[in-house]
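Down below is the structure, laid out as structure tokens.
Proteins come first, then strands; the chains are lettered A, B, ... in the order of their sequence lines, and each starts at number 1.
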Protein chains: 2
Amino acid sequence: MAVTLADVAQACGISPSTVSRALAGSPKVRPSTREHIRRVAEQMGYAPNRIARSLSMGRTGAIGVIVPDIANPFFPPIIKAIQARAARKDTAVLLVDTDEHAGDELERARVLARQVDGLVLVSPRTPEDQLAEFVRLAPVVFVNRRVEGAACVLIENADGLQQAVQHLTALGHQRICYLAGPRRSWSNRQRRASLAAACAEFGVELSEFGPFEPQMQAGVRAADLVRASGYTAVIAYDDLIALGLMARLAEHRMRVGRDISVIGVDDSPMSGLAYPTLTSIHVPGAEAGSVAVDLLLRRLDQPGSDPAVIELETHLVIRGSTGSVRLDPLPT
Amino acid sequence: MAVTLADVAQACGISPSTVSRALAGSPKVRPSTREHIRRVAEQMGYAPNRIARSLSMGRTGAIGVIVPDIANPFFPPIIKAIQARAARKDTAVLLVDTDEHAGDELERARVLARQVDGLVLVSPRTPEDQLAEFVRLAPVVFVNRRVEGAACVLIENADGLQQAVQHLTALGHQRICYLAGPRRSWSNRQRRASLAAACAEFGVELSEFGPFEPQMQAGVRAADLVRASGYTAVIAYDDLIALGLMARLAEHRMRVGRDISVIGVDDSPMSGLAYPTLTSIHVPGAEAGSVAVDLLLRRLDQPGSDPAVIELETHLVIRGSTGSVRLDPLPT
DNA sequence: CTGAAAGCGCTTACAG
DNA sequence: CTGAAAGCGCTTACAG
């Protein structure tokens with residue numbers, strides 16, 4: 001029912017082969033015929049059937065993206081950047097949300113791999129020892145997780161966390177409490193290690209509560225632990241936990257930024273709009289997304305190339321949720 | 001390189017036709033052969049090439065979903081429900097985020113339509129007079145927008161808003177200020193109309209500021225207008241605007257729930273976790289998503305069927321951001 | 001520069 | 001119940 005290559009060919013009185021080549025912009029077609037064909041095709045409203053093209057070319061022009069949870073504000077900027085970058089390269093994006101079910105990732109990837117040219121795996125939760133499976137499925141780029149021998153786009157939290165610890169010590173805090181993320185999370189292990197290093201460097205005592213799911217509700221739960229413990233400085237695994245924490249502390253009339261300092265990770269849009277505004281570590285999500293697409297597309301075009309590992313940096317954004325120990329801020 | 005139908009057929013010593021039928025579960029194949037074929041296929045790791053199947057069947061087994069902005073918390077529940085429902089029906093989902101660019105929707109839909117069996121258009125921003133174009137592209141279901149003659153899943157805000165006005169009047173508020181959403185938004189027009197009706201019913205004065213984009217930042221801007229105006233009750237187009245408003249009011253030491261009452265729309269996860277918690281109108285996003293998939297799939301299977309119009313209801317969820325005029329709440 | 005032919009991997013009337 | 005054949009809409013060596 002849609003107009004096909006053969007229809008255009010017939011209308012032009014020439015062979016489908018030539019129409020195909022003309023539309024592909026092949027230099028082997030005489031310019032005048034090419035123009036004529038193009039005009040006719042346009043005017044007939046011809047649009048190629050991508051499915052048919054995929055089958056004959058052995059390439060789908062699509063990539064698959066798997067994320068744990070699109071409702072977590074960490075992911076939308078990455079997804080948007082992936083879509084934008086892919087669209088620019090005329091590549092479609094199939095998105096799968098696994099709802100944080102680590103056990104589903106491999107199976108979903110297996111199905112997805114058959115319909116796309118390659119996969120971007122964002123913050124996969126699959127255990128270390130099964131990660132190699134993904135690489136066998138299709139060309140793959142991992143985002144926010146290091147996998148030996150595979151292409152990765154990593155977010156290096158060390159700088160941001162080091163700045164966070166420095167900032168807190170400058171404000172007089174001697175002890176820092178870390179609200180840990182999910183145990184299976186690679187980011188969490190990375191953040192905890194960086195934090196330990198930074199605390200050692202500045203001579204600060206570090207302790208930990210958790211693990212917590214990356215959701216505000218978990219931060220609410222954490223709040224009561226934090227209150228009971230008497231810590232004056234908290235670094236949360238992510239902004240969601242930090243925001244939940246702050247909301248609950250406010251309920252108990254604790255003044256965040258005065259009685260207690262809170263730092264998140266992600267620098268999500270909400271962090272600038274909470275009250276008080278949330279000091280947070282900026283994570284270049286959008287950049288990670290577009291770099292991932294570039295890496296994947298390059299791997300598809302040059303199958304031989306070495307899998308690249310890109311590390312992106314982070315930095316601290318200071319806002320209202322951190323302040324000096326026991327000292328009143330500006331008079332109001 | 002992957003194992004194909006022909007490979008399986010050869011391994012079994014029978015024709016590809018029969019293998020195809022056996023795997024499709026056709027009753028025309030002798031049960032014993034069917035079992036044998038299945039075992040061999042399984043053991044060879046055969047998985048059908050969906051692209052090839054699509055081409056020969058004229059159906060892709062995928063649906064396209066277009067949303068204005070995945071970063072807006074209104075959409076993730078809908079998207080997740082669509083994915084879950086589609087996955088259960090063995091249908092893939094191609095997701096496109098238009099970044100609130102109304103002008104891009106039609107073009108993106110056009111491209112998408114060629115790779116899927118049908119489209120779900122969530123809260124499309126395209127002007128009224130071009131909406132019919134989508135229907136011509138492919139089988140379509142609209143979510144959160146009424147389109148004459150097309151299948152729609154609508155969220156009827158009237159009940160929720162009526163409850164909201166009733167709630168506010170019961171608390172003693174005589175005037176209500178509405179913070180309007182985007183002008184091109186169908187929801188906004190619908191909400192404004194329902195609100196006007198409810199206010200008329202309860203004899204409340206209604207005025208309006210806006211339009212505002214559905215983002216917290218817009219709520220921050222709105223806050224200064226609201227403060228200057230002296231209104232004691234505000235209903236915002238959505239939770240994001242309401243949350244931005246609350247954050248900014250808090251900065252100015254206004255006590256939301258006491259000095260002023262604020263109501264949002266969406267009942268997003270954050271509304272229960274802000275401080276104070278946000279009274280909001282619950283919108284059944286997840287239900288809308290799965291109903292939309294059902295509708296679309298039914299249209300694909302029964303092309304003749306009439307396009308259904310489903311209306312989902314809303315209701316008010318009362319939390320901490322609304323309170324009596326000028327009266328102190330419980331002593332603490 | 002252009003065309004006829006084969007092929008991508010499946011499905012499905014049409015014959016047995 | 002099973003097989004040979006045609007076809008889905010494209011691309012691309014292979015000949016001219």
Side-chain angles (χ1 to χ4, degrees), chain A residues 1-38 40-41 44-62 90 92 111 113-117 138 300-301, chain B residues 1-38 40-41 44-62 90 92 111 113-117 138 300-301:
Chain A
M1 103 184 197
V3 17
T4 123
L5 236 199
D7 297 335
V8 177
Q10 194 170 15
C12 292
I14 55 178
S15 78
S17 323
T18 303
V19 175
S20 172
R21 280 190 282 252
L23 263 23
S26 158
K28 308 205 274 179
V29 177
R30 195 196 310 153
S32 64
T33 17
R34 188 194 312 161
E35 277 324 301
H36 176 231
I37 291 170
R38 284 212 169 134
V40 174
M44 292 178 73
Y46 170 75
N49 179 326
R50 299 181 71 114
I51 299 279
R53 175 183 292 174
S54 301
L55 186 58
S56 99
M57 301 220 296
R59 185 160 167 176
T60 65
D90 205 27
V111 173
R114 306 203 59 87
Q115 332 183 35
V116 299
D117 299 324
L300 295 179
D301 289 331
Chain B
M1 103 186 196
V3 16
T4 123
L5 237 200
D7 297 336
V8 177
Q10 194 170 17
C12 293
I14 56 178
S15 78
S17 323
T18 303
V19 175
S20 172
R21 280 189 282 253
L23 263 23
S26 159
K28 308 205 273 179
V29 176
R30 196 196 309 156
S32 65
T33 16
R34 188 194 314 162
E35 278 323 303
H36 176 231
I37 291 171
R38 285 213 169 134
V40 175
M44 291 177 75
Y46 170 74
N49 179 328
R50 299 181 71 114
I51 298 279
R53 174 183 293 174
S54 301
L55 186 57
S56 99
M57 300 220 298
R59 188 161 165 173
T60 65
D90 204 28
V111 174
R114 306 204 60 88
Q115 332 184 34
V116 299
D117 299 325
L300 295 178
D301 289 332

Protein-nucleotides 13-15 of chain C N/O pairs closer than 3.5 Å?
residue	atom	partner	partner atom	Å
C:dA13	N6	B:Arg21	NH1	3.1

Residues touching DNA chain D, which here means a heavy atom under 4.0 Å, drawn from residues 48-56 of chain B: B:Leu55, B:Ser56
Of all heavy-atom pairs between [X] and [Y], which one has the smallest distance, and what is that distance?
X        : Y       : value
A:Ser15  : A:Ala9  : C-CB, 3.8 Å
B:Ile51  : A:Ser54 : CG2-CB, 3.8 Å
B:Gln115 : A:Ala92 : OE1-CB, 3.9 Å
A:Asp7   : A:Val3  : OD2-CA, 3.4 Å

Respond yes when some side-chain nitrogen or oxygen of [X] is under 4.0 Å from OP1 or OP2 of [N], and no when none is.
X       : N      : answer
B:Thr18 : D:dG3  : yes
B:Ser20 : C:dT11 : yes
B:Thr33 : D:dT2  : yes

Does atom CD of B:Glu35 have more than 12 heavy-atom neighbours from other groups under 6.0 Å away? yes
In whole Å, what is the span from the [atom1] atom of [X] to the [atom2] atom of [N]?
X        : N      : atom1 : atom2 : result
A:Leu23  : D:dT11 : CG    : C1'   : 12 Å
B:Ile37  : D:dC1  : CD1   : P     : 13 Å
B:Arg114 : D:dC10 : CZ    : P     : 8 Å
B:Arg59  : C:dG9  : CZ    : C1'   : 19 Å
A:Asp117 : C:dC8  : CG    : P     : 18 Å
A:Arg30  : C:dG3  : CZ    : C1'   : 14 Å

Decide yes or no on side-chain contact (heavy atoms from CB on, under 4.5 Å) for A:Thr60 and B:Arg50, but give the supporting numbers first. CA-CA 11 Å; A:Thr60 65; B:Arg50 299 181 71 114; over 6 Å; no
Under the side-chain contact (heavy atoms from CB on, under 4.5 Å) rule, what do A:Ile37 and A:Thr18 come out as? Steps first, then yes or no, please. CA-CA 9 Å; A:Ile37 291 170; A:Thr18 303; 4.1 Å; yes
Treating B:Arg59 as the side-chain partner and B:Asp117 as the backbone partner, does any N or O pair qualify as donor plus acceptor under 3.5 Å? no
Are the side chain of A:Arg53 and the backbone of A:Pro48 linked by a donor-acceptor contact shorter than 3.5 Å? no
Counting only Watson-Crick and G-U wobble pairs with both atom distances below 3.5 Å, the stems of 3 or more consecutive pairs that include DNA chain D are C:1-3 with D:14-16, C:5-12 with D:5-12, C:14-16 with D:1-3
Using the C1' atom in both, what is the distance from D:dT12 to D:dG16, to the nearest Å? 16 Å
Interatomic distance, B:His36 atom NE2 to B:Arg30 atom CZ [nearest 0.5 angstrom]: 12.0 Å
Are the side chains of A:Leu23 and A:Tyr46 in contact, using a 4.5 Å heavy-atom criterion? yes
Could you please name the option among C:dG3, D:dT2, D:dT11 that lies closest to any side-chain atom of A:Leu5? D:dT11
